[in-house]
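What follows is a single structure, written as C-alpha cells, with notes after it.
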Amino acid sequence: MAEPLIVVKNLNKSFPGVHALKDIRFDLYPGEVHTLVGENGAGKSTLMKVISGVYQKDSGEILLDGKPVAIPNPKAAQKLGISIIHQELNLMNHLTAAQNIFIGREPKDRTGIFLDERTINKKAQELFGLLKIDIDPRVKIGELTIAKQQMVEIVKALSYDARVLIMDEPTSPLNDAEIEELFGIIRDLRSKGVAIIYISHRMDELFRISDRITVMRDGQYVDTLKVGETNLDHVISLMVGRSIEVTAPQVDLGANRPVMLEVRGLNRGKALKDISFTAKKGEILGFAGLMGAGRTEAARAIFGADPIDSGEIFVNGAKVSIRHPCDAVRHGIGYLSEDRKRFGIAVGMDVETNSAMASMGRFTGFAGFVKRKDIRKAAEDHVAKLSIKTPSLQQKLKFLSGGNQQKVVIAKWLIRNCDILFFDEPTRGIDIGAKQEIYSLLNELADAGKTIIMISSELPEILRLSHRIIVMCEGRITGELSASEATQERIMKLATQRETMVKAAAKQTVKE
Amino acid sequence: MATAATVKTEGAQKDAFTSSQAKQKILAFSSLVILIVGFSLASPNFFQPANLIAIMLATAVNGVLAVGVNFIIITGGIDLSIGTMMTLTAVMSAQAIVNWHLPIWVGLAVAILTGVICGGLSGVMVAKLKLPPFIATLGMNLFTKGLSLIIAHSKPIYFSDYPAYNQISMGSLFTFTEDFQIPNAVLIFFAVAIVSAIILTKTTFGRYTFAIGSNEEAVRLSGIDTDKWKIAVYAFCGAIVGVAGIMIASRLSSAQPALGQGYELDAIAAVVIGGTSMSGGEGTILGTIIGAFIISTLTNGLRILSVPQEWQIVTTGAIIIFAVYLDILRRRK
Amino acid sequence: MATAATVKTEGAQKDAFTSSQAKQKILAFSSLVILIVGFSLASPNFFQPANLIAIMLATAVNGVLAVGVNFIIITGGIDLSIGTMMTLTAVMSAQAIVNWHLPIWVGLAVAILTGVICGGLSGVMVAKLKLPPFIATLGMNLFTKGLSLIIAHSKPIYFSDYPAYNQISMGSLFTFTEDFQIPNAVLIFFAVAIVSAIILTKTTFGRYTFAIGSNEEAVRLSGIDTDKWKIAVYAFCGAIVGVAGIMIASRLSSAQPALGQGYELDAIAAVVIGGTSMSGGEGTILGTIIGAFIISTLTNGLRILSVPQEWQIVTTGAIIIFAVYLDILRRRK
Amino acid sequence: QQQLYIPLISKGFQHQFWQAVKQGAEQAAKDYKVTITFEGPESETMVDKQIDMLSAALAKKPAALGFAALDSKAALPLLQKAKAANIPVIAFDSGVDSDIPLTTCATDNVAAAAYAADMMAKLINNEGEVAVIVHDQTSRTGIDRRDGFVNRIKAKYPKIKVVDVQYGAGDHLKSTDLAKAIIQAHPNLKGFFGANEGSAIGVMNGVKEMKKIGKIVVIGYDSGAQQIAAIKAGEMNGAITQNPVGIGYKTVECAVKALKGEKFPKVVDTGFYYYDKTNIDDPKIKAVLYQ
Ligand SMILES: Nc1ncnc2c1ncn2[C@@H]1O[C@H](COP(=O)(O)OP(=O)(O)OP(=O)(O)O)[C@@H](O)[C@H]1O
Ligand SMILES: Nc1ncnc2c1ncn2[C@@H]1O[C@H](COP(=O)(O)OP(=O)(O)OP(=O)(O)O)[C@@H](O)[C@H]1O
Ligand SMILES: [Mg+2]
Ligand SMILES: [Mg+2]
C-alpha cells in the first residue's frame, strides 16, 4: 500500500464529565473505505469532528501526508481536502437544495457581484442526476423528508471533490435502493483514489463496502481488521465485548386475539388514501414500504399530530376522536417519531425531564408539584434497562450520542406505558447491541399485551419482528402479509405497486 | 459489570457537577457585588441602610414584571405589553375601589383578574391564532395603553381616601428601627420571586414552560396540549403583572394612566441580563432578580455619584454589556 | 420511465407554484389596500395627492430603518439601537457640517461611517463576545443615546445656514405639479429599498444573511466565517441607519439629540408585520415596506378621521393584529 | 351647517397638563360653536412625529390651527403652507420662532421658574443646597424651567447652591426613585424643586419616603389632586401653577377671532401663580388649578 493519507496518534478529547476519546489511533490510506464501528457513544462522531475541525483535540497528533497538521476550524479541514457528512443533518431549512449544496462557493454571474442562480441550479441538477436522485434543486430543504435531506447532505459533501470523505451514518434514513446508489458512488470514488471513512450501525453494510474495519469501544481504540480476514461475529464481539444472541423470527399469532386498534378509511390530502387496518393486542404489526410511502404520515395522522380529512379510529372497540396528540395519548396511544431531533426530544433539557415528558400527569402531585423522586426513579430504571450511556440524569440531551438520544425517546414512551405504541424507525442510528436490546424489548412489550406498530425501512428487521406486515406504497395500503408468508421479495413487490402501474395493469387486462 | 462502572462514575461526576454548579451560582452575583463594592468605595452615601432600602424599593416593580415576563421568555416568547398592561391593572383596581366603591380586596382581585384576562388574550393570539408573540403583545400593548387612558379619562385616579391602599406597598411589616424599615413592596417582590421560583422549578407548569421553550413540537407530540399551557403561561405572567400594577398604584397612591410604556423593555433587559436566553428553554428566577438589581443599583449609584445624566446613560450601557459578558465568561467555564 | 413521470409532475407543480407565489405576493398587499380603500371611503380628505405624499414622507425614515434592521432580524438577531444610533449619526453629521464647517458630502459620509462603526461594534459584541443581540444592542442603544446628548450638548444643532442640507430630504427631483411633488426623502427610501432587495436576494452577502438565520452552525460547518458575516450584517444595517439619520436631520433641518428612542420598536414592528420571522431565516424587503406603510397609513388615516387619540391607540393595536393575522391565513393556504 | 374645524397640535396628550389644556379648548369650542381636535405625540422628543400630525391636520382643510411646537424651525415649511392656504395659526404653550403665528398663548416658563427660585430662597432663608428634577433635558419647557430656576439662584442668591439637576421623564415612579438617590447623595439638602407634575410628585414622594418632610422644602410645578392634597397636608410647601385651561381656551378663542378678522394682542400671557397652603382656597387660584 501507499503512504497513509491520515494518521491519528494518541488522540485525547474530553467533554465536561466525559472522556470521549482516550489515546485513539487511526490511519487511512488513499483509495480505501475504512469503516468505523462501535456502540453508541463509543466516540466515533467525536473523532470525526476532531479530524474535520469542528472540535479541537486535547492532546495527540494528526498527520496528513506524513506531516502534522492543525485543523482549527471546518474551513481548514476543507482546505486540506477533508469533507464530512455529519451524523446530524446540518442544512439551512430556509434555503433551497441547490443553495445548500453550494453554500460558501456560490457561482457569480459575469459582473462578479451577483449570484448566478441558474448555474447553481444547473450544477445541482447535474449532481443529482449523477446520483439518480429525484430532487428539484429549487425546493426548500425544510420541505423535504429527512431521507431526501440526507441525500442533499451527501451530494454536498461529494461536491467538494475531497481527498478524504467522512460519512457519519449516511445511510440511516435511506432505503435499500438509495443505499445501493450510494455504494455505487463510494466505489466509484474509491477507484479514483479518494479515501473514505465510513460509519454505520448497519452491520450488513460493513462487509459490502469496507476494506478495513476499526472497532472502538468506550472512547478507546480496540482493533483494526481487514475485511477478508474477519467475520461479522468477530466484529460484533469486539464492539460490544460479548456475543449477541439473535432473536428468533416471529410466528403468527392466534386469530382470536382482541383487536386493540382499528383504523377505517383514513384520508389526508394526497399523502394518505383510504388507510384501513387493525392491530391486535399483543401483536407486533410491521409497516413496510419505500421512503415516502406514507407510513410516517399514517402514524402521525392516527396520533393526531396532523389533521385528517376523513376516517375513523377505534381503540379497544370504541370509536375515539383524536384531534390532537394529547387525545391520542389519553387513549393509550404513543408515537415514537423517526426524526428525534425535531419531534422526539428537547435537546436543551436533561435526560430525566425528557424521559418523563409524556407522563407528567402521573408525576404531578399535590398543587401541581412535580414528584421529582418518582421521575428520578423511573428515569434511573429506564436508563439502566435500556443501558443509556449518560454521565448523569441531569445531562442535557444535546450532549448524548445520537443512539443514546434515541433510547431516551424510547424510555419516554415506556414510562408512559401506552397500550398502543407506534415505533417509527426505532433502531435508526442505534448500535447492534442496542438494536438487539430493542428487539427483545419490543417482544417483551408484545408479550405483556401491548400493541406495537413498527414502521421500519429495514426489511430484515420487519421480517424478524412482525407478527403481521402491512405494506404501503404512495399513501395506500397495498397488501398485508402474515409472518409466515412474508419474504423480502413479496414485500418489495407490494411496496412498489404504484397506482399508475396498477391502473396500467388493469387496463391491459381489460384489453385482453 | 459495565452498568456498575457507569453508575460509579456517575456518582463521582455528580458531586463535581453539583459543587461546580454551586460555585456558578455564587459567581452569578459577581457583577452585582462588584457594582456594590465599587459604589460603596466611591461614595460614603451609597452603602447606607436607607439607600439600600431605596434600591430595593426601586427594584420592586421592575423586578416583579421581570419575574413575570421571564416565564414567557423561557417558553421562547416575548411580551411587550407588560408595562402598559400593568397600567391597565392599576387603573382597573382604582376604578373598582375609588369609583365603584368596592372593598379593597375586590380591587386587588380586579387588578389580578385584569392581568390574567389580558395575558390570556395574548396567549390565545399566540397559541391559537399563531401570531408571532412580538405582534400579539405589541397589539396588546397598544390596546391596554389606549384602554387605560379611556377608562381613566386620561386623568390619574387617586386613592387619597383610601390610605390603607398606600400601605400595601409602603407600609412595613418588618420594622427594625425607625431608619430600617423594609417596605412591603420589597417583601411582595421577594414573595413573588420565591413563589415563582418554586413554580418554575418544582411544578409541572414550570417543567412545561421550559419544555415548550426547548422544543415545542416534541412536547406536543408527547401528548401535551401545548396551546393550553402557553395560554396559561401568558395568563400567569398577566397575574404577576397585576401584582406589579397594585404595587405601583399603591406606591404612588394613584393609578397613572399615562405611565407604563417602556417598563417592558426594562423588565426584559433584567431577564436577559439575568441569563435567560431569548430563544427559550433556559432561565432562572434568581438570575432575573440579579438582573433587575444590577439595573437599579447602577441607576442609583450613578445618581448618588451625581454623574451627569448623559454620562449616566453611556455608563449604564457600558456596564450592562460588561456585566453580561462577565456572566457569559462564567458560564463558558 | 419513473423519472420522466416525476419530472413532468414536477414541472406542472412548478408552474402552479410560481403562479400561486405571484398570487401570494399580490395578496400580501391586501391589508394595505383594505386600509387605503377603507380610509378613502370614510373621508374625502384621505385620498388626496398631498396626503398620500405626507404618508410616504411619514413612512420614509421608519421604512429605511426597517429595511436595515430586517437584515439583522433575518440572521436571527435583533437591533434595539437603531433609533438612537440614527440620532447619533444625525448629530455627527451636523457636528461635521455646522461646527467643523466641513463640506456637506463629508457630513453625509460621517453619518454613514458613524452608523457603520456603531453597527460594526454591535456586530463584534454579538459575533465575537457572544453577547445576546438583545443585550449588545441595548447597550449600544444607551451608548449612542448618551453620546448624542453629550456631543450636541443636549441641544438641537440647526442647519439653518445650510439650506442645501434640507433639500436632501425635502427637495424634489420629481415635481409634477405644485401640489404633487415627491420629496427626495421618499425617493431615497425607495432607492434604499431596491438596493437592499437586490443585495438581499442576489448577492453572497444576502445569501449568508439568510443562511445564518436558518442554521448558523450548519453555515459555520460549511467552512464559512460566520462571525465575519454577522459583523458585516450589523455594520451594513448601521450604514442604512446612517442614511436614515441624514434623512431625518435634513427633514427637520436639525439634529435633535433626544429623538430616536422608541423608533427601533416601530421599525421592528414594520419588519414583523411584513412577515419576517423573529427566529430568522426568512423575510423580504417588499414585506417590510408594506409593513412600514401599514403602520403609517393607519396612523395617518385615523388622524384624518379625527378619531380621539386614545381610541387611535386601541384601534391601531387591533388593526395591526388583524393585518398580521390576515397575512398568516394567506400564507397558510 | 358645518362647524368651523380647528385642530390643535400639542406637545403631548397623555399628561394631565395637556388634558387641562384640552379641556379649556373644548370649553371654548363649545362657547364659540366650533369643532376641535386635540393631538400630540407620546413624548416631547418626537419632533418628526409632531410634524406628521401637523401635516395630517392640514390635510383636513382646517379653518384655523393651534400649534405648540416641539421645534419651531422644523415645522416652518408646513406653517408656511398653512399661511399660503390662508389658515390662521395660533401658537400655544411656547412660542414659534416665526412671524406666521398671529399670536402666542403661553406661560412665561422662565419667569415662573425664577419665581419658584425666589420662593425657595425665602423658605430656606437664602442659604443651603437645593436640587432640581426636571422632566426633560431637551424640551423647551424643560429647558426654560431649569434655566429659569437655576439662573435666578445663581444671579441672586450666592449662598444657595444648586447641587444637582436630573431628569426623570415626568414619570412619577422613576422621579421618586431619582429624588431619593439625590437626597441620599446630598444629606444636607435644604430644598427641592420639581419642574412639572410628575417630577413634583416624584420629589414629594422621595422626600416622604426618605422621611425628610419638614427638613426639605419642596416646591412643585403644575397642579393635580395629589399636589393640591400634598400642599394642604404640608408635604409640599408650594407650587407654581400655570393656567392650562386658560391656554387652551385662549388658543381657540384667538383662532375664532382671527377668522372673524378681529384684533388681539401679539402675545397672550396666560400667567402663572404661586400657590401654597395660604392661598390655595382663593377662588382666583382655584380657578386655574386642575384636579
Ligand atoms: N459536545 C459534547 N459535550 C459533552 N459530551 C459530548 C459532546 N459530544 C459528545 N459527547 C459525549 O462523548 C461521547 C462520544 O460521543 P459520540 O457522539 O462521539 O459517539 P458515537 O460513537 O458517534 O455514538 P453514536 O453511534 O450514538 O452516534 C458520548 O458519551 C457523548 O455523550
Ligand atoms: N415535511 C414535509 N413536507 C412536505 N412533504 C412531506 C413532508 N413529510 C413528508 N412529506 C411527503 O409525504 C409523503 C409521505 O412521507 P412519509 O414520511 O410519511 O413516508 P414514509 O413511508 O414514512 O417514509 P420514510 O421512510 O421516509 O419515513 C411523501 O411523499 C413525502 O415526500
Ligand atoms: Mg455518532
Ligand atoms: Mg417515515
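As the structure is a computational prediction, the values presented were derived from the model and not from experiment. Letters A, B, ... mirror the listed sequences (proteins, then strands); counts begin at 1.
Two residues are said to be in side-chain contact when any heavy atoms from C-beta on lie closer than 4.5 Å; D/Thr138 and C/Gln256 fail this criterion. For the pair C/Ser160/D/Lys73, a side-chain contact is recorded, criterion being any heavy-atom separation below 4.5 Å from C-beta on. The shortest side-chain heavy-atom distance between C/Gln309 and D/Phe38 does not fall under the 4.5 Å cut-off. No side-chain heavy atom of C/Leu252 sits under 4.5 Å from any side-chain heavy atom of D/Asp71. With contacts defined as side-chain heavy-atom distances shorter than 4.5 Å, the pair C/Ile248/D/Val47 does not qualify. Between C/Leu57 and D/Ile51, every side-chain heavy-atom pair lies at or beyond the 4.5 Å cut-off.
No more than 12 heavy atoms of other residues, nucleotides or ligands shown are found within 6.0 angstrom of NZ on D/Lys154. Counting non-hydrogen atoms of other residues, nucleotides and ligands closer than 6.0 Å to CZ of C/Phe143 gives a total of 12 or fewer. Taking a 6.0 Å sphere around NZ of D/Lys250, one finds it holds 12 or fewer heavy atoms contributed by other residues, nucleotides or ligands.
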Next on the checklist: Between D/Asp48 and C/Leu259, is the side chain to side chain contact (heavy atoms under 4.5 Å, CB included) condition met? List the steps.
Outcome noted: CA-CA 9 Å; D/Asp48 61 325; C/Leu259 175 153; 3.9 Å; yes

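Contact of C/Asn62 with chain D is not made at all, since no heavy-atom distance falls under 4.5 Å. Heavy atoms of C/Gln312 lying under 4.5 Å from chain D belong exclusively to its side chain. No part of C/Phe46 comes within reach of chain D, as not one of its non-hydrogen atoms sits under 4.5 angstrom from that chain. For a residue to count as touching a neighbouring chain, one of its non-hydrogen atoms must lie under 4.5 Å from one of that chain's; by this rule C/Ser43 does not touch chain D. With a 4.5 angstrom heavy-atom cutoff, C/Ser253 does not touch chain D via any of its atoms. Using a 4.5 Å cut-off between heavy atoms, C/Ile55 does not touch chain D at all.
To the nearest 0.5 Å, the span separating CG on C/Asp266 from NZ on D/Lys49 amounts to 4.5 Å. Here the CD1 atom belonging to C/Ile313 is positioned 3.5 Å from the CZ atom belonging to D/Phe13, to the nearest 0.5 angstrom. The NE2 atom of C/His153 sits 13.0 Å away from atom CD of D/Gln137, with the distance rounded to the nearest 0.5 Å.
In summary, the side chains of D/Lys60 and C/Ser306 do present a donor paired with an acceptor at a separation below 3.5 Å, with no hydrogens or angles considered.
Taking each heavy atom of D/Glu39 and C/Arg303 in turn, the nearest pair found is OE2-CG, 3.0 Å.
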